[in-house]
Each structure stands twice: as C-alpha cells, then as structure tokens.
**Student:** 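Here's a structure for you.
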Amino acid sequence: MDRIVITLPDGTELEYPRGVTAEQVAKDISPRLYKEALAARVNGKVVDLATPLEEDSQLEVLTFDSEEGRRVFRHSSSHILAQAVKRLYPEAKFAIGPAIENGFYYDFDVPESFTPQDLEKIEAEMKKIIAADYPIVREEVSREEALAYFAGRGEKYKEELIRDLPPDVPVSLYRQGDFVDLCAGPHVPSTGKIKAVKLTSVAGAYWRGDEKREMLQRIYGTSFPRQKELDEHLRMLEEAARRDHRKLGRELDLFSIHEEGPGFPFFHPKGMIIRNELESFWREVHLSRGYQEIKTPIILREDLWKQSGHWDHYKENMYFTEIDEQGYAIKPMNCPGGILIYKSRPHSYREFPLRLAELGLVHRHELSGVLHGLMRVRSFTQDDAHIFMLPEQIKDEIMGVIDLTDYLYRIFGFDYHVELSTKPEKAMGSEEDWEMATRALREALEEKGIEYKVNEGDGAFYGPKIDFHLKDCLGRTWQCGTIQLDFQMPERFELEYTGEDGEKHRPVMIHRTCLGSIERFIGILIEHYAGAFPTWLAPVQVKILPITDRHLPYSRRLAQRLKEARIRVEVDERNEKVGYKIREAQLNKIPYMLIIGDKEVEEGTVSVRSRSQGDLGAMEADRFLELLKGEIEAKAAS
RNA sequence: GCCGACGUAGCUCAAUUGGCAGAGCAGCUGACUUGUAAUCAGCAGGUUACCGGUUCGAGUCCGGUCGUCGGCUCCA
C-alpha cells in the first residue's frame, strides 16, 4: 500500500516507498545521472526533482541533453538574472522571464535602461548567486496570498499575470535565497547547477508584445552546464556571423543597399546571375506544372485598391502617387492586377484550375526599425501566383502547392517548418467563409501528414494562410512560401465563370508564393551556402589561372570554348603568382579553378582545382567540360 | 514607429584626459615571368554620416537629423 513502482525509460521497474522524490531515484540509478539531473518527466509531465511521487509512475530523469532539460535549465537561469537585477536595482519591476531557443531572457521595468556595463555588473552578481548555490524551492499559495504578496511590493506586472491565470490552476512561487518569483516552474534544484552563464544583449520590448503598452527592458542571455559548452556556443555564433548575407553580399559583390534608398536593394552583376538562374529555374518548374506567366503594372489607380479592400486594410503599408491629378497606388500585392487579367474575358469551368503566375515587384512601407539586409526590404519580387478554381478543387490545388514548395526547397536542401494562420481581428468576409477556408487548409496539411503550428489571428485580411518558414545563419526564421485561400476578392471584384450548368458562378482563389520573395530567398541562399553557391548558381563557375603570360593564348581559347558551352568563365590575366590567383579565386568561392602552365598547353589538358576538394589533377579539357555540364544540369549541391 | 548601441579611406580597424587624422588589405604605377591560399617597391586615397552648438582648439563633449546593428511590434 505504501510502496509504488517506478518505471524507467528502459523498462526497468524499481520499487519505492510512496512519496519518494525523483532526485532520490536518480541518485540510486547512478551518481553521474544524479549530478546531471535537472528535472524529471513523470507520466509525461515535467516536474521538479523534489516533487514527491505519490503513485506508480513512468519516470525519466531530464538532463541538459534533452530539450525539456535545457528549457528548465535556461528558465532557472532567467530567475538568477532576475535575482541579480533585484539586488542591484531594488526599484525594478518584474515582468516575464522564459527560456527561449539557445537561451533565456527576462523583461524588467526600470527607470533607466541598462547599459552594456550594467550587464557586466549583473552578470557578476549572477555568478555570486550561482556560487552561493541557493536551493530553489517551490511553494503553492492561494491566489489571494499571491496577489497580496506581489501587489504589496508594487509588482504590477506579476499582479496582472496572476489575475489573468485561469481560476483552477494553483498559483506557485519559487524561492531562491532572498528572492521569490511567481512561476509555474519547474526549476533545477539549486542555483549552483547553472555553471556557465553569459548575458548577451539588452533590448526594448513591449509588455505583452503590445506596442500600446509599457516599453520594458529585456535582457537576453544564455547558459550551459559547463564553461566549455558556453565557449563553444559563442564560437558558433561568431562562425555564423561569417555567413551573414549582408557581409557576404558585399564581399562577393552581389548586392548593396544605400542610404539613398533604405530597404531598396541594388543587385550587382554577380547578384543578378544568381537571381536570373533562380528565376529561370522557377519558370521551368512552373510551366511544367501548368502555370502560365503574366506581368502586371506596378502603379494602378486608387479605386482598384479601394475595391480590393487594401485601402481599408493595408493603407498604412502602401505608397501613393499622383498622375494627371488622379490618385494612384504603388502595388503592395499582385492580386488586384491578376484579377484584372482574369476579368478581361469570360471564363469557363473547363479552364480551371487557372494558374496565373507572376514574378511581381511589390513595394511596402515597412517600419524603419525592421529593415534587415535582403531579408526584410521595402521593395521585393514575389514569386506569386493566383489560382482560380472550383470550390471542389481547393484541396487538390493546395496540396499541389505544398508539393511544389517542398520540391523547390529540397533542391536547396532547406529545412523548413509550416504554420497555419487564422482569422485576424480586422478581416473581410463572413465567419462561415473563414471557417470553410481554414478547414480546407487544415485538411490539406493533415492529408499531407505535415506537422504545423497554429498562429491564431495571424492570417491575411482576406483569408487564412499556410506559411513556410526558413532559417537564417543565426537560427532566426523568415516566412518564405505562403498559401492563402481567398473567398473575398472574387466577391469584391464579382469574378465569374460559366459552369457545367451554363449558369454564372463565383470562382475561389488561392494566392501563393513558393520562394516567397526572391530577395529574401537569395538572402537565405547566401547564408545557407555561406556564399559557396552550387555550380549552377555560382556567378563565376570557372576561373582560368594562367601561370605566366605565355599561357595566355591557350587560356583565352579555352575560355572561349567554355563560354560557347554557356559556362560562366573568367581568365585571371594579371601578372601574379599562381598562389595569389588561387587564393583570390578561393576567397571568391569560385567552384573550379583551372591552372594552365606549359604541361597543360603541350598536352591540351587542364589542371583542375576544386574550391572544396583542392587539387584534382590534370584532365582532358573535354572531360572537364562534360563533368561540369553534368554537375550544372543536375543542380548538384557542391 | 518604439528601446538601446553604433557611424573615421572601397573593406577591417587605430588615434592618451579635447591638441598636426593613421595602419593593413583592396586600388593605381613600376620591377619580377611565376605550378596549387598573399613577390617587392612606389603613388594615391578623408568636409571623421549630415546640420548646429560649447571651446583658443572637436573624430573625441552637447543637441538635432539621416543611416546601420540588436531586439519589440509588423510581415514575403
């Protein structure tokens, strides 16, 4: 009766008196596990190690090696941060302090914002708290007690949090030394577990993410169980910074952005090659999948945007101009233009699904603080398409777009995740339409067996959407592909088709992008490949390096031959040592270097050096060309 | 837009408490005719982001504007 059975992940069953703690069990399993234990998963729920086990349980001891273990570790780190801030700035009010990917943050309301010097002081204080190794103890209290405690200390944010808690959940506090915080937990057993900690940055952040509310000071940090791991993490961040597309874009002469046009990127000749290769591949794939390409104007009359709903729902993001005393808008989206093409003649159900694709240049007024290299700009080219169809074609079409997007991303070896966004507060259309549209998207995802995250209220103003997100070098995710189902525009523009029954009906419309914006996608590509593009995308595919100027004529003839085979080739004719030329070609991340000296001229060969594998030795020029063409044709990842 | 940091040559960075704006790389010129990641020498390069102020004197201190960076909010 007072003994319970604890089942470990490997199936081992252990018998214990009722009320034993996970900590005790860990100690018995192995001293090493006990030392590394941070929390425990008991019957699926993550709890403190000190939680008494009251019934037969599945038990998993969590360490830093697990996702949940890391979350608990970082979350406890944020409490140590809060305690340090409390000691140094007693007047600080506390908001929230969660674990995030690779670290944690805590939001504070302080009269003056923190400086980098403050961070050093706070970090030093945190180290004292860690050295003191305070036990972290959970207490459950009533809402009234909790409210009284925090209200009495002027902790208005905590007070608000408690008031917003669902009435049935217990309110828990965590205490470490002189510091008490409202927190659901769980936490590591004591502050000494956090061996290595580093505060990384300060930033402003709105309370509850609402720009109308207080601006708080957010301190970001990260922590690890060993100093070595922290150092490794910091080293990886430095490594990642070397892949930054803004840095590589300048170094490789791909694009630039100027003060004269913040958020309006300029593409240089080498950047244009990547862009054009990408676009021609895109065209090929779309034409083969039943899309037709269109192009619509950038400037269109104001009344069009009133009719589309953009005037009411998107005006603050739009640019306007005037022509002959008439108001015009610069398009922020391509849909109204596509719709005008649709409306230019009558349609039959037999044409459906009608897939009209457009590489459309749109302009959007984004807030100055959000601009970021090519990732967030104010003018960009969407690989857009509008699909007009029968309601019963919706699911197949959505699945077709999912397939197409997956196909495109796989070519580049991208990992992505998918989100489903539902009806926002300011939206057009009836509740029923939204429900139907959202259900169609959800069903398509489920039928495809794709995992997705739901973003409530994040849809476009005319319909719900599925978004595809890709990661940049620092792990920040950017929305690229999107599929948006729209019942509103067809209604507003009174779109029609003649059905099988000879009557007029209203078509359904999908807005979709796969790459998203060409600019953003190129930004992601640059970081993904760290500038070393696969040969099919590389601005210069082959650099010919003559050893002396007597090898120039052969080099030039060779270059001519490669050019005729449509290879992007350059000859380094400068009077420099071959080591110097190699170094430069290597830094420019050119896939192949051909070294040409007396031997090669005599034998009609080329000495091939690959940027990734180094010296490959000599081969017949024809043989090299064949291999190269094969690699380009296959769009091989290099 | 909001919070904070930053802005010196094309790039990366120096310049004591306010006291003559400097280096490496890149560029140009010349010599060297070179075999798998940097040959040597010389030359040139600046309204220290912009506007204003304090001061005998401002890259440095103060105010404003613009831009960039990290976040927040927003979104492809």
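Convention: sequence-line order gives letters A, B, ...; per-chain numbering from 1. Because the structure is predicted, anything quoted here is derived from the model rather than measured.
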**Student:** Establish, from distance only, whether the side-chain atoms of A:Ser421 and A:Glu419 form a donor-acceptor pair under 3.5 Å.
**Tutor:**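 Per modelled atom types, A:Ser421 and A:Glu419 side chains form no pair under 3.5 Å.
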
**Student:** From the set B:A37, B:C2, B:G67, return the single nucleotide nearest to any side-chain atom of A:Ile582.
**Tutor:**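 Looking only at heavy atoms from C-beta outward on A:Ile582, the closest nucleotide is B:A37.
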
**Student:** Do A:Asp598 and A:His551 have a side chain donor and acceptor closer than 3.5 Å?
**Tutor:**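 Their side chains do contain a donor-acceptor pair, which is all the 3.5 Å distance test asks for.
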
**Student:** For A:Arg476 and B:G70, is the shortest distance between a side-chain N/O and OP1 or OP2 below 4.0 Å?
**Tutor:**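 So the side-chain polar atoms of A:Arg476 do come within 4.0 Å of the phosphate oxygens OP1 or OP2 of B:G70, strictly under.
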
**Student:** Please determine, for B:A5, whether a Watson-Crick or G-U wobble partner exists with both distances under 3.5 Å, and give it or none.
**Tutor:**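 With both distances under 3.5 Å, B:A5 matches B:U68.
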
**Student:** Look at the side chain of A:Gln217 and the base of B:G71, then say whether one donor and one acceptor between them are separated by less than 3.5 Å.
**Tutor:**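 Flag unset: no donor-acceptor pair detected.
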
**Student:** Just to be sure I understand the rule, does A:Tyr580 reach a base, reach only the sugar-phosphate, or reach nothing, if contact means heavy atoms closer than 4.0 Å?
**Tutor:**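 Answer is sugar-phosphate: A:Tyr580 comes under 4.0 Å of backbone atoms only.
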
**Student:** For A:Phe521, answer base if it contacts any base atom (sugar-phosphate contacts may also be present), sugar-phosphate if it contacts only those atoms, and nothing otherwise; contact means non-hydrogen atoms under 4.0 Å.
**Tutor:**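 Result for A:Phe521 = nothing.
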
**Student:** How about A:Glu112: does its CD atom have over 12 heavy atoms from other parts shown lying under 6.0 Å from it?
**Tutor:**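 Atom CD in A:Glu112 is not crowded, with 12 or fewer foreign heavy atoms closer than 6.0 Å.
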
**Student:** Starting at atom NE2 of A:His365, determine the distance to atom P of B:C75, rounded to an integer number of angstrom.
**Tutor:**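 Taking atom P of B:C75 as the reference, NE2 of A:His365 is at 14 Å.
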
**Student:** What nucleic acid atoms does A:Gly597 come within less than 4.0 Å of, heavy atoms only: base, sugar-phosphate, or nothing?
**Tutor:**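 It contacts base atoms.
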
**Student:** What is the distance, rounded to the nearest whole Å, between atom CD of A:Glu600 and atom P of B:U36?
**Tutor:**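 To the nearest whole Å, that distance equals 12 Å.
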
**Student:** Applying a 4.0 Å non-hydrogen cut-off, can you work out what A:Glu576 is touching in the nucleic acid: base, sugar-phosphate, or nothing?
**Tutor:**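 It contacts base atoms.
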
**Student:** When you measure from the centre of the six-membered ring of A:Tyr407, is the NZ or CZ of A:Arg289 under 6.0 Å away and within 45° of the axis?
**Tutor:**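 A:Arg289 over A:Tyr407 ring: yes.
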
**Student:** Which nucleotide in the list B:U68, B:C75, B:G71 gets nearest to the side chain of A:Tyr220?
**Tutor:**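 Closest nucleotide among those given: B:G71.
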
**Student:** For the P atoms, the ones on B:C6 and on B:C61, what distance do you get once it is rounded to whole angstrom?
**Tutor:**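 Those two atoms are separated by 10 Å.
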
**Student:** Which part of the nucleic acid does A:Gln586 contact within heavy-atom distance under 4.0 Å: base, sugar-phosphate only, or nothing?
**Tutor:**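 Since a base atom lies under 4.0 Å of A:Gln586, the category is base.
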
**Student:** Heavy atoms under 4.0 Å, any strand shown: does A:Lys599 hit a base, just sugar-phosphate, or nothing?
**Tutor:**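 Answer is base: heavy atoms of A:Lys599 come under 4.0 Å of a base.
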
**Student:** Nearest to the side chain of A:Lys577 - B:A76, B:G67, B:U39?
**Tutor:**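 Selected nucleotide: B:U39.
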
**Student:** Any chance the side chains of A:Trp207 and A:Asp107 put a donor and an acceptor closer than 3.5 Å?
**Tutor:**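 Per modelled atom types, A:Trp207 and A:Asp107 side chains form no pair under 3.5 Å.
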
**Student:** So what does A:Gln613 hit on the nucleic acid, given a heavy-atom distance under 4.0 Å: a base, only sugar-phosphate, or nothing?
**Tutor:**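 Since no nucleic acid heavy atom lies under 4.0 Å of A:Gln613, the category is nothing.
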
**Student:** Does A:Gln479 place a side-chain N or O at less than 4.0 Å from the phosphate oxygens OP1/OP2 of B:A76?
**Tutor:**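 So the side chain of A:Gln479 is within the cut-off, an N or O lying under 4.0 Å from OP1 or OP2 of B:A76.
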
**Student:** Counting the atoms with a prime plus P, OP1 and OP2 as sugar-phosphate, which does A:Gly369 contact under 4.0 Å by heavy atoms, base, sugar-phosphate, or nothing?
**Tutor:**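 Contact class for A:Gly369: base.
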
**Student:** Just checking A:Asp598: base, sugar-phosphate only, or nothing, at a heavy-atom cut-off of under 4.0 Å?
**Tutor:**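 Touches a base.
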
**Student:** Just to be sure I understand the rule, does A:Lys465 reach a base, reach only the sugar-phosphate, or reach nothing, if contact means heavy atoms closer than 4.0 Å?
**Tutor:**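 Sugar-phosphate contact only - A:Lys465 comes under 4.0 Å of backbone atoms but never of a base.
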
**Student:** Taking a pair as Watson-Crick or G-U wobble with both distances under 3.5 Å, which nucleotide is matched to B:G27?
**Tutor:**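 For B:G27, the partner nucleotide comes out as B:C43, under the 3.5 Å rule.
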
**Student:** For the residue pair A:Arg218 and A:Tyr105, would you count it as a cation-pi contact if the rule is NZ or CZ under 6.0 angstrom from the ring centre and within 45 degrees of the ring axis?
**Tutor:**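 Geometry flag: set, cation within 6.0 Å and 45°.
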
**Student:** With the side chain of A:Met215 defined as its heavy atoms from C-beta on, choose the nearest nucleotide among B:U33, B:G71, B:C75.
**Tutor:**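 Of all the options, the side chain of A:Met215 is nearest to B:G71.
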
**Student:** Checking all strands, does A:Arg250 fall into the base, sugar-phosphate, or nothing category for heavy-atom contacts under 4.0 angstrom?
**Tutor:**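 Result for A:Arg250 = sugar-phosphate.
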
**Student:** Over all strands shown, is A:Val370 touching base, sugar-phosphate only, or nothing at heavy-atom distances under 4.0 angstrom?
**Tutor:**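 Base, at least one base heavy atom under 4.0 Å.
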
**Student:** Sticking with atom P, work out how far B:U16 lies from B:G22, rounded to a whole angstrom.
**Tutor:**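 Those two atoms are separated by 14 Å.
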
**Student:** Identify the nucleotide, in any strand shown, that forms a Watson-Crick or G-U wobble pair with B:G57, with both distances under 3.5 Å; if there is none, say none.
**Tutor:**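 Partner of B:G57: none.
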
**Student:** Checking base pairs now: Watson-Crick or wobble, both atom distances under 3.5 Å. What partners B:A15?
**Tutor:**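 With both distances under 3.5 Å required, B:A15 matches none.
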
**Student:** State, without any angle test, whether A:Tyr592 and A:Glu631 hold a side-chain donor-acceptor pair at a distance under 3.5 Å.
**Tutor:**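 Yes, because at least one side-chain N or O of A:Tyr592 sits under 3.5 Å from a partner of the opposite role on A:Glu631.
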
**Student:** Write down the partner of B:C32 under the Watson-Crick or G-U wobble criteria, each distance required to be under 3.5 Å.
**Tutor:**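 Base partner found: none.
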
**Student:** For A:Trp478 and B:A76, are the ring centres under 5.5 Å apart with planes inclined under 30°?
**Tutor:**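 Check failed, A:Trp478 does not stack on base of B:A76.
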
**Student:** For B:G10 versus B:U47, give the span between their P atoms, rounded off to a whole number of Å.
**Tutor:**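 Pairwise P distance, B:G10 against B:U47, rounds to 8 Å.
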
**Student:** Using a heavy-atom cut-off of under 4.0 Å over every strand shown, decide if A:His258 touches base, sugar-phosphate, or nothing.
**Tutor:**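 A:His258: no heavy atom of the nucleic acid under 4.0 Å.
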
**Student:** Do A:His268 and A:Ser256 have a side chain donor and acceptor closer than 3.5 Å?
**Tutor:**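 A:His268 vs A:Ser256: donor-acceptor pair found between side chains.
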
**Student:** Please state how far atom NE2 in A:His310 lies from atom P in B:A76, giving the value in whole angstrom units.
**Tutor:**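 Interatomic distance, NE2 of A:His310 to P of B:A76: 11 Å.
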
**Student:** With both distances kept under 3.5 Å, what pairs with B:A37, Watson-Crick or G-U wobble?
**Tutor:**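 Matched B:A37 with nothing under the 3.5 Å cut-off.
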
**Student:** Output the rounded distance in Å from CD1 (A:Ile524) to C1' (B:C75).
**Tutor:**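 Result: 14 Å.
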
**Student:** Over how many whole Å does the gap from A:Arg583 atom CZ to B:U39 atom C1' extend?
**Tutor:**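 Distance, rounded to whole Å: 14 Å.
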
**Student:** How far, in whole Å, is B:G18 from B:U60 if one measures between their C1' atoms?
**Tutor:**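 The same atom, C1', in both gives a distance of 6 Å.
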
**Student:** If the cut-off is 4.0 Å, is A:Arg246 near the phosphate of B:G70, judged by side-chain N/O to OP1 or OP2?
**Tutor:**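 For A:Arg246, the contact criterion (side-chain N or O under 4.0 Å from OP1 or OP2 of B:G70) is met.
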
**Student:** Does B:C74 have OP1 or OP2 under 4.0 Å away from a side-chain N or O of A:Arg376?
**Tutor:**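 For A:Arg376, the contact criterion (side-chain N or O under 4.0 Å from OP1 or OP2 of B:C74) is not met.
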
**Student:** For A:Val362, report the nucleic acid contact type (base, sugar-phosphate, nothing); a contact means any heavy atom under 4.0 Å.
**Tutor:**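 Here A:Val362 touches no strand at all.
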
**Student:** Quick check on B:G4: is either OP1 or OP2 less than 4.0 Å from any side-chain nitrogen or oxygen of A:Ser113?
**Tutor:**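 The answer is yes; a side-chain N or O of A:Ser113 sits under 4.0 Å from OP1 or OP2.
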
**Student:** Distance criterion of 3.5 Å, no angle test: do you see the side chain of A:Tyr206 paired donor-to-acceptor with the base of B:G1?
**Tutor:**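 Present.
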
**Student:** Do the side chain of A:Ser368 and the base of B:G67 come within less than 3.5 angstrom through a donor-acceptor pair of N or O atoms?
**Tutor:**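 When only heavy-atom distances are counted, A:Ser368 does not reach the base of B:G67 through any donor-acceptor pair under 3.5 Å.
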
**Student:** Distance check, P atoms only: B:A15 and B:G45, in whole angstrom units.
**Tutor:**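 One P to the other, the span is 24 Å.
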
**Student:** Using the ring-ring contact (aromatic ring centres under 6.0 Å, His included) rule, pick out the option among A:His372, A:His469, A:His245 that qualifies with A:Trp478.
**Tutor:**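 Answer to the ring-ring contact (aromatic ring centres under 6.0 Å, His included) test with A:Trp478 among A:His372, A:His469, A:His245: A:His372.
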
**Student:** Nearest whole angstrom, please: distance from the C1' of B:U73 to the NE2 of A:His372.
**Tutor:**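 Spelled out: NE2 on A:His372 to C1' on B:U73 is 16 Å.
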
**Student:** With rounding to the closest Å, how many angstrom separate the P atoms on B:C40 and B:A49?
**Tutor:**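 Nearest-Å result for B:C40 against B:A49 at atom P: 33 Å.
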
**Student:** Please state the P separation for the pair B:U36 and B:U48 - nearest whole angstrom.
**Tutor:**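 So the two P atoms sit 46 Å from each other.
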
**Student:** Expressed in angstrom and rounded to an integer, what is the separation of A:Ile547 atom CD1 from B:C32 atom P?
**Tutor:**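 It works out to 19 Å between those atoms.
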
**Student:** Does A:Ile522 reach the side chain of A:Arg275, with side-chain heavy atoms less than 4.5 Å apart?
**Tutor:**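 SC-SC contact between A:Ile522 and A:Arg275 confirmed.
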
**Student:** Taking the C1' atom of each, how far is B:A14 from B:C75, in whole Å?
**Tutor:**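 Rounded to whole Å, the distance is 41 Å.
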
